[in-house]
Amino acid sequence: MELTVLGQGADTTGGGCASGGCGSSGDQLAHLPEAIRRKVENHPCYSEEAHHHYARMHVAVAPACNIQCHYCNRKYDCANESRPGVVSELLTPDQAVKKVMAVAASIPQMTVLGIAGPGDPLANPERTFDTFRQLTGKAPDIKLCVSTNGLALPAQVEELCRHNIDHVTITINCVDPDIGARIYPWVFWNHRRIKGRKAAQILIEQQQKGLEMLVARGILVKVNSVMIPGVNDAHLKEVSRIVKEKGAFLHNVMPLIAEAEHGTFFGVMGQRGPTHAELQALQDDCAGDMNMMRHCRQCRADAVGLLGEDRGAEFTMERIEHMEIDYAAAMQRRAEVQAQIEREREQQRNRPHEAFVALAAPQGSGRKTRPVLMAVATTGGGVVNQHFGHATEFLVYEASAEDVRFIGHRKVELYCSGGDTCGDAESALQKTIRTLEGCAAVLCSKIGFEPWGLLEAAGIQPDGEHAMEPVEDAVAAVYREMAGAGLLDEPAATARATA
Amino acid sequence: MAYRIIETCVNCWACAALCPSQAISAAVPHFLVDAKKCTECEGDYADPQCAGICPVEGAILNGLGEAANPPGSLTGIAPERMQAAMAEIQAR
């Protein structure tokens, strides 16, 4: 992912090795102005590279919402479901502050606290701002973020600026009210419920106005968009272009989550979400105009931990009540742990990327190799370090003769939880392999005999040879090995055509 | 006459802050309207505020005991369609 500053006249280096490829992901942020770089370098939601190392949490203090989206159902609350708008336990601001302090003491990689719901944070201004106010005093090292639908944003921008919040996410699914009318059935505006096209028009106006006001005040804005095939998929490229023009920093196109059992309009009506390939194609289309975020996990409004994990269950209010925490010592420990992370990142950055030097070799022989997707099992730290059977998600990279770039992630069900659950192993494993469809290889620290055979049979090469190596280096190395073995040659016709 | 919140309320707090008469309070298992205080927003707003923002169809009854937001009015999902979907899920 490339993190270029948009609309601020930064001297960006454009394509080539500076565009986030070439295995040296640490350099992604190098060209940003110092002030911006400091804001995003350890923010897991704004920097793809940071999300391997740093943790975030959301506190669910904002239950009320001022609009309805067709992908949301306010009745829903399930501990096993992971998607925005879902929480298990609503907190008061005092409880939220206590929880943040407990989590930040237990997970020293935590850098970011966000308020994202379960309703709209700015439709609950007292609860949201009371939480921020207390945290600014008690945990000054934690970055504060807020995520909003934008309807109340213009009215709340001044208040936001008073709370040292330098990251705001606005969910913008459209700039055309006719499309908006198919996504938002109503908004509550000036003390009335407004429906239909007019509702969408009001929402869009407030979102755009809010975006402009935030940019004018130097606040970093990320725009989230939900990709809804047949509704706004073709339109999102224009959304991307417009929000970039207005100075948004990053665009995050997320897939629609719609299941009938969620009771949402889209779920009940059978609206499908995009396939992995459709999502990637749209993200690539938008990338010409805009910096794209591809590592979003669409987390719950009470998520805790690294982006790929949710440790919320460890920090219920009941458990927190019994924790003894020395806040000052915890902050000191965070500083130490995070300094160590930075030292490790620096080392990873400075490692020679031998794999890439060798990547060009097969081309010298006149052969052209095709780009392929590779899946990686990692628990964080930016290295290949997870057992295939323990992975709940795989990071997907595209490797080509020129570079390695992050594409996204794919969630899977655990098939190997040990003990007596192995009766179902076959079907869950088969599902995992189906999820990895389209990938040429899967990199992990270790892998069992059975999945090895099934992956090979499915045309996916398992690889356990690069354990503990930096992810992008390992992907490049596997690409080189496969290219060397002649596995990645372009089909003969294509090779001739481009020769 | 007064509005009433019933058991399908999901406790989202949206209504309480809007009530011009401070008639709505958090309670267990769900929010309640104090019938003595409720004015149906007369004199303050054109529309009753609680019913205007409530996201759950059927959770608020008007003074006549009717759903202020009947099934299908907020989600756009026709009641028959919702029933069919739920039956299909239960049959799985």
Side-chain angles (χ1 to χ4, degrees), chain A residues 60-77 85-87 89-92 117-121 123-128 151-152 181-196 199 258-271 301, chain B residues 5-21 24 26 28-31 40-60 62 68-92:
Chain A
V61 296
C65 198
N66 46 12
I67 72 171
Q68 176 71 51
C69 305
H70 272 328
Y71 43 75
C72 178
N73 175 4
R74 300 307 315 284
K75 287 184 217 171
Y76 211 78
D77 165 21
V86 171
V87 296
E89 197 178 28
L90 182 69
L91 305 179
T92 64
D120 186 79
N124 303 257
E126 292 85 9
R127 299 169 69 105
T128 296
L151 183 65
R182 298 170 65 196
I183 303 172
Y184 307 104
W186 58 263
V187 306
F188 189 78
W189 181 246
N190 284 341
H191 296 283
R192 301 198 77 159
R193 193 183 325 253
I194 315 278
K195 297 184 181 179
E259 301 290 342
E261 48 267 52
H262 297 161
T264 61
F265 176 88
F266 284 142
V268 169
M269 295 306 193
Q271 167 69 51
Chain B
I5 297 174
I6 64 171
E7 68 280 358
T8 44
C9 163
V10 295
N11 296 306
C12 81
W13 292 80
C15 57
L18 293 171
C19 178
S21 317
I24 302 176
V28 176
H30 58 79
F31 278 67
E40 302 194 352
C41 292
E42 263 200 55
D44 289 300
Y45 299 107
D47 299 337
Q49 297 295 288
C50 57
I53 200 164
C54 180
V56 181
E57 292 165 352
I60 298 188
N62 64 21
N69 300 299
S73 65
L74 301 184
T75 57
I77 308 172
E80 314 81 66
R81 184 78 182 251
M82 184 59 113
Q83 268 171 13
M86 293 306 132
E88 192 269 321
I89 289 164
Q90 274 157 18
R92 281 178 198 172

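The chains referred to below are lettered A, B, ... by the order of the sequence lines, with proteins before strands, and numbering in each begins at 1. The figures that follow rest on heavy atoms only: side chains count, while hydrogens, waters and symmetry mates do not.
In this structure, chain B has heavy atoms under 4.5 Å from both the backbone and the side chain of A260(A). Both the backbone and the side chain of A14(B) come within less than 4.5 Å of a heavy atom of chain A. Only the side chain of L18(B) comes within contact range of chain A, with at least one heavy atom under 4.5 Å from a heavy atom of that chain. Of the atoms belonging to A84(B), not a single heavy atom falls under 4.5 Å from chain A. Using a 4.5 Å cut-off between heavy atoms, I53(B) touches chain A through backbone and side chain atoms alike.
The choice from G267(A), C65(A), P63(A) that makes the most heavy-atom pairs within less than 4.5 Å of chain B is P63(A). Contact count versus chain A (heavy atoms, under 4.5 Å) is highest, among V56(B), D47(B), L74(B), for L74(B).
Every pair passing side chain to side chain donor-acceptor pair (under 3.5 Å) that includes a residue from residues 71-87 of chain B is listed here, sequence neighbours excluded: E57(B)-T75(B).
Remark: the backbone N or O of W189(A) is not paired with any side-chain donor or acceptor of N66(A) at under 3.5 angstrom. Looking at E40(B), its side chain never comes within 3.5 Å of a backbone N or O of P48(B) through a donor-acceptor pair. R182(A) places no side-chain N or O within donor-acceptor distance of the main-chain N or O of H70(A), the cut-off being under 3.5 Å. Side-chain atoms of N11(B) come within 3.5 Å of backbone N or O of P29(B) as a donor-acceptor pair.
In this structure H30(B) satisfies the ring-ring contact (aromatic ring centres under 6.0 Å, His included) test with no other residue, sequence neighbours excluded.
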